[in-house]
Each structure stands twice: as C-alpha cells, then as structure tokens.
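Below, chains carry the letters A, B, ... as their sequence lines are ordered, and counting in each starts from 1. All values below were derived from every heavy atom in this structure, side-chain atoms included, with hydrogens, water molecules and symmetry-related copies excluded.
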There are 2 protein chains.
Amino acid sequence: MSLQNLSDQLLHELGRQIVHGVLQPGQSLPKVEDLSAMKGVSRTVVREVLKSLAARRLIESTTKIGTRVCPRSNWQWWDRDVLTWASEVEDNHAFLTNLTEVRLALEPAAMELAARNATEQDIQHIQECFERLQASLDDEEEWVKADYDFHLSLIQASNNELIISLLQTLRLALERSRHTTFHAIRQSPAEPFPGPNEEILDRHRAVMQAICDKDGALARQKMYELLTRVSQLITTNQQGKTKKSKY
Amino acid sequence: MSLQNLSDQLLHELGRQIVHGVLQPGQSLPKVEDLSAMKGVSRTVVREVLKSLAARRLIESTTKIGTRVCPRSNWQWWDRDVLTWASEVEDNHAFLTNLTEVRLALEPAAMELAARNATEQDIQHIQECFERLQASLDDEEEWVKADYDFHLSLIQASNNELIISLLQTLRLALERSRHTTFHAIRQSPAEPFPGPNEEILDRHRAVMQAICDKDGALARQKMYELLTRVSQLITTNQQGKTKKSKY
DNA sequence: AATTATTTGTCCGTATGTATG
DNA sequence: CCATACATACGGACAAATAAT
C-alpha cells in the first residue's frame, strides 16, 4: 500500500472509517472545505480522495445535499481496498465465512476450467510449482510461499482472466481476514496455518494430476476436498491453541 | 450513468479507451497539463479523472515518469464501470464466455447457500417474485423484469453480501455483453432472450421448491440446469435468426 | 556526485452552476 | 425571484521526487 502521498493517506483513513462503520450509510461527510481544514490538507487533496471513494461507491456527492455514505449493498465489495478495510474489522467472523463460501464455490470451478483450458506451458508451470512445494516440506516459511504460487499456477491455467482476477483478490482478503480474526482471539503472532505435511501435499498432487489428465470433474472435487480439509485443520489448530492454552 | 459533470465524461472517455485497447498497457498518457489542454478542461478535472482511473487500477502515476496504463492482470475487473467498458467491445465472445463461466460457478453455489440460510422473509419474497413471473407468461417485457427480480430474490436469500454484490455486478455485465454481441451479429434491435414459456417457468419453480425444502444440493443442480438451458436457448435462438435469415 | 529538467503532488483564491427554501 | 449552501470548475504558484546529464 502506497502511503507516499497525502491523498492515499486520507483515502485509507476515510475508507476505513466508512467500512468499519464509524461513518454509517446515509450519514453526511463534512463539506470539502471543512474536511480540508480538519485534516490539514488542501481542497485539491480532499476532492481527489472523494473521487477515489466514489469510484468504490462508498460515497455519493450531489450538489447542495453534500456527500453521503452509500448503503452497503451499493459498495464495490470486490475492490482490493474495500476488502482490505473489511478484513481489518475485528469480530469479523461472518465476513470470513462469506469469503470462504465464495472461495469454495469458485476455486474448484476454476479447476474444472483449468482441466479444459490448460496449455502445455500452464501444465509445465504447475509442475514446477508443485516441485517447489514438495521441496519445501520441511521449511514452513518457504511452504507458505510455494503453496501460494502453486494455487496461483492452477488458477491461471483456467485461462479466464475474470476468475483469475477475482480469486487473486479473494485470496489476499482471506489471508488478511484470517490474520485479523486469529490475532483477535489470541495475541500470539503465530500463523493460523497448519504446517506442511504429507497428507496435504498428496491432496495438492491429486488436483494437479486431475488437471494433467484433463479430468475436470475430478479436479474440481479434489480442490474442494483440499480446501475443506485445510479449513478444518485451521479450525482445529486454532481451537487447540485457545482451549488448551499452554501458556 | 451520471454524465452530469466533466469528470464523469472524461472518465468514461479515457476508461473506455484503455479497456478497449486504444491505449495499451505500458503506454503513457499525456501529462496533466497537456490532457487539460487537449480535452478543454481544467487540471483539477483531469486530476480527479486520473484518481478515478487509478482507483480501478487501470493506470498508475509516478513523479517524473508520468501516468501509464497498467497491465490487464492488475485491473480491477469486478468494477461496474470496467466491466461495462469491457462489455462494449465488439467481437467480445471470449469475454462473454468468461462471464458465463463465472456465473455458472457462482449462481448455483449461491442457491446452496440460500437453501441453508434463507429466512422466512426471504422465502416469502421469493414466492412473491415467482408469482409475478408466473403472471407475466404472456408479456415478454414484463417477464424480463420479473425474471430479473426473481433471480435477485434467490441470490439475496444466500445472505452473503459478497456473493450478492458479485452476482449483481455480473448479471449487469452479462446482460450488456450479450446485447453488444448479438447486435454485432445482426442489426435488428430484438432481444436475444428466448420468450417466456412453461418449461422455463417450471425450471424456475424447481429451484424455488428446492430452496423452500432446504435441499441445497438439489437447488444448486436445478439452478445449474436452468442456466445452461437458457444459455442453450439463447444460442439456438440466435443461430436460427442468423442462419435462416428470413429477411 | 551534483545539477537540471520534467512531471506529479499540493496549495489556494476565485468563479460558476444548481438545488433548496 | 432572491438568498443560501454546496459541489463543481478554473488556473497560477510552488514543493517534491526522480530521470537524465
């Protein structure tokens, strides 16, 4: 996130306030001149920020009325920044559930497309990513990166830039949202992800194999199983750490 | 779309040029001062437009370098305006296919959630919408509206605001994209949608019934069948009109 | 390593348009 | 029709960052 310039700083401040509910839908923002004075920036900066928020449909400006916060249903939820701000909300279990539901619908479907549309290069790239994953079985940090890239290689093989874009945005938000949620539960900075292990690796291999075999239905199913299994591990992992509370 | 102010006009002009490929990724835009002179608007307006485009990640500005078009993979595809501009491209068959693939993955999945999460009010609203649909069997114009609202009532019953937002955006883009595609093939202004008929109505009823019965798997399947069937009708409908060419 | 040129970023005084009362 | 309040629009000035020399 680039906070180099004043516009971006104020954009994130106001965007966060809206998505976090400090500024409620229907509520009016101060007029440009007042905002400018309050935040100690020029009217130019304020206007640019309002345009950026309006592009995400968080606010709407009309003459005389002023600028008001739009209802949540109008928001452009699938904007990276909106999802980021939403991910930061504590007690956001419902949000995490919603994200997970979308992923569970989309990523397996993307595998079906990948089985159908993957090119030679796609297959090769997937295999390279899998080898990296396999090689990092004993390096948790490296595993996380390799896992991310492996999934990306699978998604890209769908050759549908709309799904690729959507899942990329989604995965980022999911990661951040899990981070917030689990840090809210306990203060430890540890990752909520289960460490690498043979079972999970096998499940990754099964997805890859199905795609190489052009078996769409199987690829979809194997990805669904992988995601639900990982989800389950995260949950039990988390419960174990909170319940037992060895500290 | 509000084209009341200069910013919105220029925003759509430039956004369209980028998404349509007139301005290619990597290419630089004229500097603010030049754009201002070229388009006959103030620098303030130009700067606001650039912020709006940057919010959609179509462009990126850096000091000294100037403003350049981002690669397609960075674009915020799931922005209403970006999808609208993309829908306007003729020969956009691939785009339409991509949209359809996402819908085919998401809307059936949303039905599964609806079966699980629908409240009493949701069910009641769905039933009201169905009755409107049934009542408009002999009024094509009314059918289109009722059909839209019926699907919306189903989607809303998922009670997942992320899926609702996504499908709303998607359906709008799909409609526009179909419009462009079929108007490109033949000049007639007729809609590409098959007229209302009993079979399609029954398929709608089946989805509703499965949701009322809380049968998620069935609801998903019935929606999948409905969407593929309608898709098939549109295609054959279209082929019939172009091949035979009765005119 | 220092200088210069270029472009975005920032500030502000002012003017216009439009809707409300 | 006038007054008010706000967004919209204009443009001159300067600051900051960085590419090229």
Worksheet entry | Check: B:Asn117 side chain, B:Ser158 main-chain N or O, donor-acceptor pair, under 3.5 Å | yes
Worksheet item: Of the nucleotides C:dC12, D:dT8, C:dA5, which one has an atom closest to the side chain of A:Arg47?
Response: D:dT8
Practice prompt. Would you tell me if any nitrogen or oxygen in the side chain of A:Ser7 comes within less than 4.0 Å of OP1 or OP2 on C:dT10?
Written response: yes
Fill in: Donor-acceptor pair (no angle test) under 3.5 Å: A:Thr62 side chain, D:dC6 base
no
Worksheet item: B:Glu33 has an atom CD; how far is it from atom C1' of D:dG11, in whole Å?
Response: 10 Å
Worksheet entry | Whole-Å distance separating the CG atom of B:Asn5 from the C1' atom of C:dT16 | 14 Å
Practice prompt. Determine whether the side chains of B:Ser87 and B:Asn92 contain a donor N or O and an acceptor N or O closer than 3.5 Å.
Written response: no
Worksheet entry | Aromatic centroids of A:Phe150 and A:His204 separated by under 6.0 Å | yes
Fill in: 4.5 Å side-chain heavy-atom contact, B:Glu161 and B:Ser165
no
Item to complete: Please report, rounded to the nearest Å, how far the P atom of D:dT8 is from the CG atom of B:Leu10.
Response: 15 Å
Worksheet item: B:Leu35 has an atom CG; how far is it from atom P of C:dG9, in whole Å?
Response: 13 Å
Item to complete: Assess whether one donor atom and one acceptor atom, taken from the side chain of B:Arg68 and the base of C:dT7, lie less than 3.5 Å apart.
Response: no
Worksheet item: Closest to the B:Lys64 side chain: D:dA9, C:dC11, C:dA5?
Response: C:dA5
Practice prompt. Classify the nucleic acid contact of A:Leu6 as base, sugar-phosphate or nothing, counting any heavy atom under 4.0 Å across all strands shown.
Written response: sugar-phosphate
Discussion item. Quick check for you: among C:dT10, C:dG13, C:dT8, whose closest atom lies nearest to any side-chain atom of B:Thr67?
Written reply: C:dT8
Worksheet item: Between atom CD in B:Glu48 and atom P in C:dT8, what is the gap in whole Å?
Response: 16 Å
Worksheet item: Taking NZ from B:Lys31 and P from D:dA17, how many angstroms apart are they, rounded to a whole number?
Response: 20 Å
Practice prompt. With the side chain of A:Thr63 defined as its heavy atoms from C-beta on, choose the nearest nucleotide among C:dG17, C:dT8, C:dC11.
Written response: C:dG17
Discussion item. Judged by each residue's nearest nucleotide on DNA chain C, which is more toward the 5′ side, B:Val32 or A:Thr44?
Written reply: B:Val32
Worksheet item: Rounded to the Å, how far apart are B:Asp34 CG and C:dT7 C1'?
Response: 10 Å
Fill in: Residues B:Ile59, B:Arg68; criterion side-chain contact (heavy atoms from CB on, under 4.5 Å); working and verdict
CA-CA 5 Å; B:Ile59 61 169; B:Arg68 16 185 66 198; over 6 Å; no
Worksheet item: Taking N and O atoms by type only, does the side chain of B:Arg43 place a donor or acceptor under 3.5 Å from a partner on the base of C:dG9?
Response: no
Item to complete: Tell me whether the OP1 or OP2 atom of C:dC11 has a side-chain N or O from A:Ser42 closer than 4.0 Å.
Response: yes
Response to the item:
B:Ile65 atom CD1 is separated from C:dG9 atom C1', nearest whole Å, by 15 Å
